[in-house]
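Chain A is the first sequence line, chain B the second, and so forth, proteins listed ahead of strands; every chain is numbered from 1.
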Amino acid sequence: MSIRVRYAPSPTGLQHIGGLRTALFNYLLAKSSGGSFILRIEDTDRERFDERSLQDIYDTFRWFGIQWDEGPDVGGPFGPYVQSERVTRYQEFALQLMGSGFAYEAFDSADDLREAREDGKQGYDPVFRDMPESEKQRYRDQGVQPVIRFRTPDEGTTVFEDAVLGRVKRKNRDIVTDPVLLKSDGFPTYHLAVVVDDHHMEISHVLRGQEWVPTTGLHVLLYEALGWEPPTFCHLPMVLGKDGQKLSKRHGATSVVEFRNAGYLPEAVMNYLSRLGWSYDDSREFFSRNDLETLFDVAKLSKSPAVFDYRKLDWFNGSYIREKSDAEIHDLILPFLLREGLISDPPETGQQSTIRTAVPLIKERMRVLSDAPDLLRFVLADISEWNVDELVPKKTPAADVPWYLERAKELIRDADAVPDEVLEERFRATATELGVKLGNLLMPLRVAVTGSTASPPLFGAIRLLGIETSIARVDACITLLNNST
RNA sequence: GUCACCUUCGUCUAGUGGUUAGGACACCGGGUUUUCAUCCCGGCAACGGGGGUUCAAUUCCCCCAGGUGAUGCCA
């Protein structure tokens, strides 16, 4: 039988990077096995539902570059793929479970339950479990909307075979007591909905985070009560922050859009995410989507949680940026330059060509696409202030610097017509003549032209900026230095 | 509290009943270089603790500790 997996996000917030990793592993299992990947929207919590989150799910995956075979937008033989459109189905099965004695109506008030929990009361006291019909009728007469609760067995043990964890056992009395299956608003809880849908969508493997391990026993019990065969469970190690706690805001970016906005490439994110809890061999680090689609194997999943390392992601991202063509980088950084107000929308032709020639100079200096604005600011915006300390090299009399700059200015006048090596030779000769190190001659020029001690290669930067503007900046710095000494 | 799961360098991980326990990121040092970056070379650094089993345990078993998770009319 063919493998069918699903990713089932709940549209109650922006897609989390950890969720994206779960989705990726599901997708990869489907691809590597020739199976199907299904997207199902789990929107049974009507209070927390958020339309923007739903849109975010689609946006995120389009950016990330993985596609599902069945889902709300593409359809499929097991639709609808949105749980709120399947409520009658859950109600039927809740009723069926009641009929077979596995479930019953309960009339607790939600407020009372919440209060009891806040008072530190452990577990649920199943007062309605065996209450006679006549007594329950009194609640109905008062207009109390019942919920349907599952009757968890007090004895026995539930076992399931996990593809990652192996055999997991749990005593039935340790499984949460009589959980709600159908809420008073008629919507199912996760437990009912996930079992009903996974069965009806013929899901063969459930890959989900390890936070679900404790409730899997309940799910197995539900499969049994419904007379269904449970799927293969495969609980993925969790993704943690640096402090070992669940990855959250205070560790840095957590939602996928944030990574996108920070200038991470989808292929780098995918490669990095694939290393979290999965490995191929003892040395390989780089995996394209295509590699992963063929090499992914559940057997190589690990059990222990992984800490999200932003620095390693940066390293991957920088590597992927360097592998891209100049034309691709050009297109990719445009939105980031625009966002910083460095170019107009659409970019002027002058800006276009400036950026085009600049890309080779900055490509190996970027770790994220959002590094581009800072690297190119010197050529896309005016510089009105210079840091005098940076203009004057260490162990150099400040009074000498204007003179260096004068000499440098003459040397770059015909930079457009002269190759780097020749230019450099001239600077070397001049440095020797002045009895200073090459760097002491070049650094003031670099700071004058680019406004910073760290910049793209100087001669390229000068040509990029234009000789005239470069010289004007040098002159401004000469004046500045003369006035400050 | 109870229950469940987890435990190899700081981090991601490979690995085997006998290995100098391997790779990558980070970090440190060196080289290339007009700065920064890239690139290259080198270095640092780990089997949580205690019991077993065994000729031999990082590897198999048990206990402990620590970590995380669940304990919702959230998913």
Once you round it to whole Å, what is the distance between [atom2] of [N] and [atom1] of [X]?
X	N	atom1	atom2	result
A/Ile321	B/C39	CD1	P	12 Å
A/His219	B/A70	NE2	P	13 Å
A/Tyr104	B/C73	OH	C1'	13 Å
A/Leu218	B/G72	CG	P	12 Å
A/Ile57	B/A75	CD1	C1'	12 Å
A/Arg149	B/U71	CZ	P	13 Å
A/Arg167	B/A4	CZ	P	16 Å
A/Arg170	B/U2	CZ	C1'	10 Å

Name the pairing partner of [N], where a pair is Watson-Crick or G-U wobble with both distances under 3.5 Å, or state none.
N	result
B/G42	B/C28
B/U59	none
B/A21	none
B/U33	none
B/U2	B/A70
B/G48	B/C64

If you look at every strand shown and take non-hydrogen atoms under 4.0 Å, does [X] touch a base, only sugar-phosphate, or nothing?
X	answer
A/Lys437	nothing
A/Gly277	sugar-phosphate
A/Thr177	nothing
A/Asp314	nothing
A/Ala110	base
A/Val147	base
A/Leu113	base
A/Thr453	base
A/Ser10	sugar-phosphate
A/Pro237	nothing

Inset, instruction - Please determine if A/Arg407 forms a cation-pi arrangement with A/Tyr404, meaning its NZ or CZ atom is less than 6.0 Å from the six-membered ring centre and no more than 45° off the ring axis. - result: no

Inset, instruction - Mark yes or no: A/Arg149 above the aromatic ring of A/Tyr124, with NZ or CZ under 6.0 Å from the six-membered ring centre and no more than 45 degrees from the axis. - result: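 Yes; both conditions hold, so A/Arg149 lies above the ring face of A/Tyr124.
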
Please determine if a side-chain N or O atom of [X] lies less than 4.0 Å away from the OP1 or OP2 oxygen of [N].
X	N	value
A/Lys171	B/U2	no
A/Thr450	B/U35	no
A/Arg173	B/U2	no

Enter the distance from [X]:[atom1] to [Y]:[atom2] here, rounded to the nearest 0.5 Å.
X	Y	atom1	atom2	answer
A/Asp198	A/Ile203	CG	CD1	5.5 Å
A/Asn172	A/Asp154	CG	CG	9.0 Å
A/Trp212	A/Tyr190	CH2	OH	4.5 Å
A/Arg322	A/Asn317	CZ	CG	9.5 Å

Inset, instruction - Could you check A/Trp278, A/Tyr272, A/Phe296, A/Phe316 and say which one makes a ring pair (Phe, Tyr, Trp, His ring centres under 6.0 Å) with A/Phe287? - result: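 The passing option is A/Trp278.
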
Legend entry - Polar contact flag, side-chain donor to acceptor under 3.5 angstrom, A/Ser288-A/Asp291: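 The criterion, which ignores hydrogens and geometry beyond distance, is satisfied for A/Asp291 and A/Ser288.
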
Can you tell me how far [atom1] in [N] sits from the matching atom in [M], rounded to whole Å?
N	M	atom1	result
B/A46	B/G69	P	28 Å
B/U58	B/C5	P	25 Å
B/G50	B/G29	C1'	40 Å

From [options], nucleotide with atom closest to [X] side chain:
X	options	result
A/Thr44	B/A75, B/U35, B/G69	B/A75
A/Arg322	B/U38, B/A70, B/A14	B/U38
A/Ala306	B/U13, B/G69, B/U7	B/U13

Legend entry - Contact state string [nucleotides 23-34 of chain B, B base, S sugar-phosphate only, - no protein heavy atom under 4.0 Å]: BBSS-------B

Inset, instruction - Classify every nucleotide of nucleotides 61-68 of chain B by which part a protein heavy atom approaches to under 4.0 Å, writing B for the base, S for the sugar-phosphate alone and - for neither, in 5'-to-3' order. - result: -------S

Inset, instruction - Please find out if less than 6.0 Å separates the ring center of A/Phe61 from that of A/Trp68. - result: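 Yes, they do, as the ring centres are separated by less than 6.0 Å.
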
Inset, instruction - Using a cut-off of 6.0 Å, state whether more than 12 heavy atoms not belonging to A/Arg173 lie near its atom CZ. - result: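 No - once you tally the heavy atoms of other residues, nucleotides and ligands closer than 6.0 Å, there are 12 at most.
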
Inset, instruction - Decide, yes or no, whether a salt bridge links A/Arg250 with A/Asp243 under the criterion of side-chain N to carboxylate O below 4.0 Å. - result: yes

Legend entry - For A/Asp281, salt bridge (charged side-chain N to carboxylate O under 4.0 Å, His left out) partners two or more places apart: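 For A/Asp281 there are no salt bridge (charged side-chain N to carboxylate O under 4.0 Å, His left out) partners, ignoring immediate neighbours.
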
Inset, instruction - Under the ring-ring contact (aromatic ring centres under 6.0 Å, His included) rule, collect the residues that match up with A/Tyr264, sequence neighbours excluded. - result: A/Phe259

Inset, instruction - Using side-chain hydrogen bond (donor to acceptor under 3.5 Å, both in side chains) as the criterion, list what pairs up with A/Arg413, not counting sequence neighbours. - result: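 Partners of A/Arg413 by the side-chain hydrogen bond (donor to acceptor under 3.5 Å, both in side chains) criterion, ordered by chain and then number, come out as A/Glu410.
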
Inset, instruction - Answer yes or no: side-chain N or O of A/Ser184 and base N or O of B/C73 forming a donor-acceptor pair under 3.5 Å. - result: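 It does, because a donor-acceptor pair links the side chain of A/Ser184 to the base of B/C73 below 3.5 Å.
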
Inset, instruction - Would you confirm whether A/Lys363, through its side chain, and A/Lys324, through its main-chain N or O, come within 3.5 Å as a donor-acceptor pair? - result: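 Yes, the answer is positive, given that a donor and an acceptor are paired below the 3.5 Å cut-off.
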
Inset, instruction - Could you check which residues of residues 359-377 of chain A get a heavy atom under 4.0 Å from RNA chain B? Sort them by number, please. - result: A/Glu364, A/Arg365

